[in-house]
*Asks:* 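Here you go, one structure.
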Amino acid sequence: MRFSPSLSSSHYFTRFSSLSLPSYTSTSPSMASGSNSLMWFRKGLRIHDNPALEYAAKGSNYLYPVFVIDPHYMEPDPTAFSPGSAHAGLNRIRFLLESLVDLDYSLQKLGSSLLVLKGEPSEVLIRFLKEWDIRKLCFEYDTDPYYQALDIKVKNYASVAGIEIFSPVSHTLFDPADIIQKNGGRPPLSYQSFLKLAGQPSWASSPLSTMISWLPPVGNVGNCEISKVPTIKELGYEDIQLNSVRRICVQDELTLFKGGESQALKKLRESIKNKDWVANFEKPKGDPSAFVTTATTTLSPYLKFGCLSSRYFYQCIQDVQKNVKRHTLPPVSLLGQLLWRDFFYTVAFGTPNFDQMKGNRMCKQIPWNNDDELLAAWRDARTGFPWIDAIMVQLRKWGWMHHLARHCVACFLTRGDLFVHWEKGRDVFERLLIDSDWAINNGNWLWLSCSSFFYQYNRIYSPISFGKKYDPSGNYIRHFLPVLKDMPKEYIYEPWSAPLSVQTQAKCIIGKDYPKPVVSHDTASKECKRKLAEAYELNKKLNGLVSDEDLRKLRRKFEEDQSEESKSKRQKQKLID
DNA sequence: ACTAAGTTGCAAGT
DNA sequence: ACTTGCAACTTAGT
């Protein structure tokens, strides 16, 4: 990789926000040059455009590059519904390990290496800050609540111990705290207002970061349990789990998401090679059913872990746009996608309880149902709607699917058909997506469930016709649901409507080889619209202050309505009989 | 009270 | 490929 060396990166040192914690800034007393530094990697698993690493290296005799294996994130959980830990599916854990191996390799080329530690990160960090007599602690600033809580502990210790802290904002294009401050202390709630506030990034036309050519050596680690990057097996995941994932994945499909900065940069270069494609990118026009070559860059997992700098990506796109006559604009353009990411980061950072319905001031209070069977059918790709199930299989196998495909299944689970709580779907995505990102994932579930941002609950993605528009012959379904591979295209989106002779011919009997639909889309979607109308009305009446009791009451009413309806249906049926 | 705008719905018409 | 009717939401701004 080649990056233009920057003469000064002083802007990193001044981009502190008054809204952030006091310890966000340096707390160092006078300190001698030539001391020990610790670079704590969490996200930002890269060498390029990594201001924390750059600063850690500067003027240090010894540099300890550390990654902490956090049991909260990495410990195997055999009770989870898919292989992996309590919070992460195996696909993402593997991606992370691959990224760490790549990072270690890059560090080694620079005369350093990655030290992998294990345990509760703040405890481990504090222990080694003492043990190695660290005078300078550097890590990328993180807005996720989990890291906010963790960082407070570490920062508190460090400031008491007189250790200098450098924690720059480099995961996003903008500092979410800056944007919130500009907006008078509240995050902007629409993309357009976000764009206006954000404007051009300060670094948009200046060289980003040094091409690091050398790092200080790793100091004496003493007799601490330092390990190399563990393998999946060493983390305690069984071969069977590994194999079961490998077996259902064609090799090419897996390597689509091999972790690491090297992969990220390689992919980035491939993506921007086609200048017309970059310039004319329109997200909603992409084909969600494309799986041989995907409709998007598929760089999201690399952005999630910071294997790719969003700012470097931004500059690369900008370069392409400068050299073409016309190009698309946000929200649909490729740059627009990066800005969406920042938008959600900003709203999430400025909204307490962003990841839940209760206590979330921007979330409509809706009496979603608690139907675990419907949830499981959706999660396990047996809703009986091939378009929905195929997407869920792609999620399980690849850990990635097209944005519009995500829309379809999220809408289906919540406001479209099943009326299951968006938090349940969020959890499934959070676990299975390689690119699952706390702010973006929650933001999109709020969006798709019409709980926030977007409120036109009449616009429901059809589980039958939406996919058909892109893929009339159902190749995507045939690929991910091989049981339907011989179903004629007339019936592939609604196999329950195929005559039994056709089902027999296709070797797929509905109700036996592939499930019957869990709901009728027509009735279910109408019911969902009605329920949302009532829930909206309640939110309006109570000015958003809907209590648990209010929700219980409305939920009971929905249940009564439903049993009332089925009763009258039965009576009508009797009359006909 | 009213208007305008809001990332990407569907079905039917041209 | 583009328009339209559908039934109609919210928030922000005047």
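Numbers restart at 1 for each chain; the letters A, B, ... are given by sequence-line order, proteins then strands.
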*Asks:* Does the side chain of A:Lys469 get closer than 4.0 angstrom to OP1 or OP2 of B:dA11 through an N or O atom?
*Replies:* no
*Asks:* Distance check needed: B:dG6 C1' versus A:Tyr457 OH, whole Å only.
*Replies:* 16 Å
*Asks:* Examine C:dA12: is either OP1 or OP2 under 4.0 Å from a nitrogen or oxygen in the side chain of A:Ser193? Give yes or no.
*Replies:* no
*Asks:* Report the distance from atom CD1 of A:Ile460 to atom P of C:dA7, rounded to the nearest whole Å.
*Replies:* 14 Å
*Asks:* Check step by step if salt bridge (charged side-chain N to carboxylate O under 4.0 Å, His left out) holds for A:Lys424 and A:Asp372.
*Replies:* CA-CA 9 Å; A:Lys424 299 277 180 69; A:Asp372 286 338; 3.7 Å; yes
*Asks:* Give the nucleotide from the list B:dA11, B:dT7, C:dT10 with an atom nearest to the side chain of A:Ser465.
*Replies:* B:dA11
*Asks:* If I take atom CG in residue A:Leu532 and atom P in nucleotide C:dA8, what distance separates them, rounded to the nearest angstrom?
*Replies:* 13 Å
*Asks:* Parallel, tilted or perpendicular: which one describes the rings of A:Tyr476 and A:Trp387, with boundaries at 30° and 60°?
*Replies:* tilted
*Asks:* Could you tell me the Watson-Crick or G-U partner of C:dA12, where both distances fall under 3.5 Å? Say none if there is no partner.
*Replies:* B:dT3
*Asks:* Just the rounded figure in Å: distance from P of B:dA5 to OH of A:Tyr455.
*Replies:* 19 Å
*Asks:* Is A:Lys285 close enough to C:dA1 that one of its side-chain N or O atoms is under 4.0 Å from OP1 or OP2 there?
*Replies:* no
*Asks:* Check whether NZ of the Lys or CZ of the Arg A:Lys364 lies under 6.0 Å from the centre of the six-membered ring of A:Tyr536 and within 45 degrees of that ring's axis.
*Replies:* yes
*Asks:* If you look at every strand shown and take non-hydrogen atoms under 4.0 Å, does A:Phe453 touch a base, only sugar-phosphate, or nothing?
*Replies:* nothing
*Asks:* Specify the separation, in whole Å, of atom CH2 of A:Trp447 and atom C1' of C:dT10.
*Replies:* 12 Å
*Asks:* What's A:Tyr536 touching, base or sugar-phosphate or nothing? Going by heavy atoms closer than 4.0 Å.
*Replies:* sugar-phosphate
*Asks:* Just how far, in rounded Å, is P of B:dG6 from CE of A:Met362?
*Replies:* 17 Å
*Asks:* Side chain of A:Arg459 only, please: which of B:dG9, C:dT10, C:dA8 is the nearest?
*Replies:* B:dG9
*Asks:* Quick check for you: among C:dC9, C:dA12, B:dT7, whose closest atom lies nearest to any side-chain atom of A:His407?
*Replies:* B:dT7
*Asks:* Nearest-Å distance, CD (A:Glu537) to P (C:dA7)?
*Replies:* 19 Å
*Asks:* Once you round to the nearest 0.5 Å, how far does NZ of A:Lys304 lie from CD1 of A:Ile434?
*Replies:* 10.5 Å
*Asks:* Distance check, C1' atoms only: C:dA8 and C:dT4, in whole angstrom units.
*Replies:* 16 Å
*Asks:* B:dG9, C:dA8, B:dT7: which one has an atom nearest the side-chain heavy atoms of A:Tyr191?
*Replies:* B:dT7
*Asks:* Please report, rounded to the nearest Å, how far the P atom of C:dT10 is from the CG atom of A:Asn543.
*Replies:* 13 Å
*Asks:* For a quick check of understanding: with a heavy-atom distance under 4.0 Å over all strands, which category does A:Asn539 fall into, base, sugar-phosphate or nothing?
*Replies:* nothing
*Asks:* Between A:Phe354 and A:Trp438, how do the two ring planes meet: parallel, tilted or perpendicular, split at 30° and 60°?
*Replies:* tilted
*Asks:* Quick one: on DNA chain C, does A:Asn458 or A:Lys364 contact a more 5' nucleotide (nearest heavy atom)?
*Replies:* A:Asn458
*Asks:* Considering Watson-Crick and G-U wobble pairs with both distances under 3.5 Å, what does B:dA11 pair with?
*Replies:* C:dT4
*Asks:* Thinking salt bridges, do A:Lys557 and A:Asp561 make one under a 4.0 Å N-O criterion?
*Replies:* yes
*Asks:* Categorize A:Gln192 for me: base, sugar-phosphate, or nothing, with a 4.0 angstrom heavy-atom threshold over every strand shown.
*Replies:* sugar-phosphate
*Asks:* Nearest to the side chain of A:Leu189, which nucleotide is it out of C:dA12, B:dC10, C:dT10?
*Replies:* C:dA12
